[in-house]
Amino acid sequence: RAVGSAVAPGSGDVVGDGPGAVAAAAALAQLGVPYSWGGGTLKGPSTGICCSPGGQNGKVVTGFDCSGLTRYAWAQAGVRLPRTSDQQLAATRRVDPGEVQAGDLYFFPGHVGIADGKGGMIHAPRPGKPVTVTPDVLRDRFYGPQLIGIGRPVSQGA
């Protein structure tokens with residue numbers, strides 16, 4: 001495969017080329033990692049903070065919250081994103097839904113996920129739910145109507 005391309009773990013399918021594909025593959029490699037409010041560093045899962053709106057104490061769970069996962073994934077591609085989903089939205093270039101590529105970020109109120117390049121979203125949804133893929137996210141009955149925007153991180157040093 002070409003340098004800079006990425007393969008989705010277990011699928012053998014190339015999800016694209018370039019930093020977005022690297023970021024998507026890094027996020028896919030975290031499937032099943034627990035949700036931790038405030039969790040995730042540029043190097044991987046971590047304990048989080050206390051306490052989520054639902055009351056989860058992230059200090060006792062090693063994992064990712066939504067923005068921690070996207071930040072980690074993009075760091076693996078050499079791009080450093082801010083910590084929160086609102087900050088990440090402000091730091092990305094807008095993308096039209098028909099032009100989504102692997103690695104693009106889907107933004108919702110208080111939530112962010114990363115495009116898998118196949119119409120799905122890799123994300124850490126909420127306490128009690130591990131990192132997962134929501135297929136066909138733009139048509140999903142829960143996420144689709146809440147979409148705020150789609151953004152593409154701009155290359156910068158990690």
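- Considering only heavy atoms from C-beta on, Leu89 stays 4.5 Å or farther from Gln87 through its side chain.
- The backbone N or O of Gly98 lies less than 3.5 Å from no partner atom in the side chain of Asp96, so there is not a single donor-acceptor pair.
- By the side chain to side chain contact (heavy atoms under 4.5 Å, CB included) test, Ser46 is found to be paired with Thr41, residues two or more places apart in sequence or in another chain being considered.
- Between Ile148 and Pro109, some side-chain heavy-atom pair lies under the 4.5 Å cut-off.
- Judged purely by atom type and a 3.5 angstrom limit, Gln76 uses its side chain to pair as donor or acceptor with the backbone of Leu42.
- Ala73 and Ala23 get closest at one heavy-atom pair: CB-O, 3.2 Å.
- Remark: Arg141 engages no residue in a side chain to side chain contact (heavy atoms under 4.5 Å, CB included) (not counting sequence neighbours).
- Residues Gln88 and Ser85 bring no donor and acceptor atom of their side chains to less than 3.5 Å of each other.
- Ile150 and Pro97 make their closest contact through CD1-CA, 3.7 Å (heavy atoms, listed as atom of the first residue, atom of the second, distance).
- Contact of the Pro127 side chain with the Ser52 side chain is registered, since non-hydrogen atoms from C-beta on lie closer than 4.5 Å.
- Across Phe64 and Gly40, no two heavy atoms sit closer than the pair CD2-CA, 3.6 Å.
- A 4.5 Å side-chain heavy-atom check between Pro130 and Leu31 finds every atom pair outside the cut-off.
- Val60 and Val33 fall into different hydrophobic clusters, where Ile, Leu, Val, Met, Phe, Trp and Tyr residues are linked whenever their side-chain heavy atoms come under 4.5 Å apart, directly or through other members.
- Remark: Arg83 engages Asp65, Ser67 in a side chain to side chain donor-acceptor pair (under 3.5 Å) (not counting sequence neighbours).
- Val133 and Trp74 fall within a single hydrophobic cluster, where Ile, Leu, Val, Met, Phe, Trp and Tyr side chains are chained together by heavy-atom contacts under 4.5 Å.
- By the rule that hydrophobic residues join a cluster once side-chain heavy atoms approach within less than 4.5 Å of another member, Val131 and Val61 end up as members of separate clusters.
- Panel note: side chain Asp116, backbone Gly120; a donor-acceptor pair is recorded below 3.5 Å.
- Nearest heavy-atom pair, Gly63 versus Ser36, reported as atom, atom and distance to 0.1 Å: N-CB, 3.7 Å.
- Nearest approach of Ile122 to Leu28, heavy atoms of both residues: CD1-CG, 3.6 Å.
- Take Gln56 and apply the side chain to side chain donor-acceptor pair (under 3.5 Å) test, not counting sequence neighbours, and it matches no residue.
- The shortest distance between side-chain heavy atoms of Ile49 and Trp37 falls below 4.5 Å.
- For the pair Asp104/Ile114, no side-chain contact is recorded, criterion being any heavy-atom separation below 4.5 Å from C-beta on.
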Practice task
Might you work through the side-chain contact (heavy atoms from CB on, under 4.5 Å) test for Arg71 and Arg80, ending with a clear yes or no?
Solution key: CA-CA 7 Å; Arg71 188 171 190 243; Arg80 187 174 188 150; 3.4 Å; yes

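- Scanning for side chain to side chain donor-acceptor pair (under 3.5 Å) contacts around Thr132 gives an empty result, with sequence neighbours left out.
- Remark: Cys51 pairs with Asn57 by the side chain to side chain contact (heavy atoms under 4.5 Å, CB included) rule, at least two apart or across chains.
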Exercise for the section: Please lay out, stage by stage, how Tyr143 and Met121 fare under the test side-chain contact (heavy atoms from CB on, under 4.5 Å). Expected result: CA-CA 10 Å; Tyr143 289 106; Met121 175 177 68; 4.1 Å; yes

Exercise for the section: Determine, step by step, whether Thr92 and Arg94 satisfy the side-chain contact (heavy atoms from CB on, under 4.5 Å) criterion, reporting the C-alpha distance in whole Å, the side-chain angles of both residues, the deciding distance to 0.1 Å, and the verdict. Expected result: CA-CA 6 Å; Thr92 58; Arg94 296 302 146 263; 2.9 Å; yes

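- Distance check, rounded to the nearest 0.5 Å: SG of Cys66 to NE2 of His123 gives 9.5 Å.
- Tracing side-chain contacts under 4.5 Å through hydrophobic residues (I, L, V, M, F, W, Y), one never reaches Leu105 starting from Val137; they form parts of separate clusters.
- Taking each heavy atom of Pro19 and Ala77 in turn, the nearest pair found is O-CB, 3.2 Å.
- Note on Tyr106 and Leu69: separate hydrophobic clusters, where clusters join Ile, Leu, Val, Met, Phe, Trp and Tyr whose side-chain heavy atoms are under 4.5 Å apart, directly or indirectly.
- Under the 4.5 Å side-chain criterion, counting only non-hydrogen atoms from C-beta, Phe108 is in contact with Leu147.
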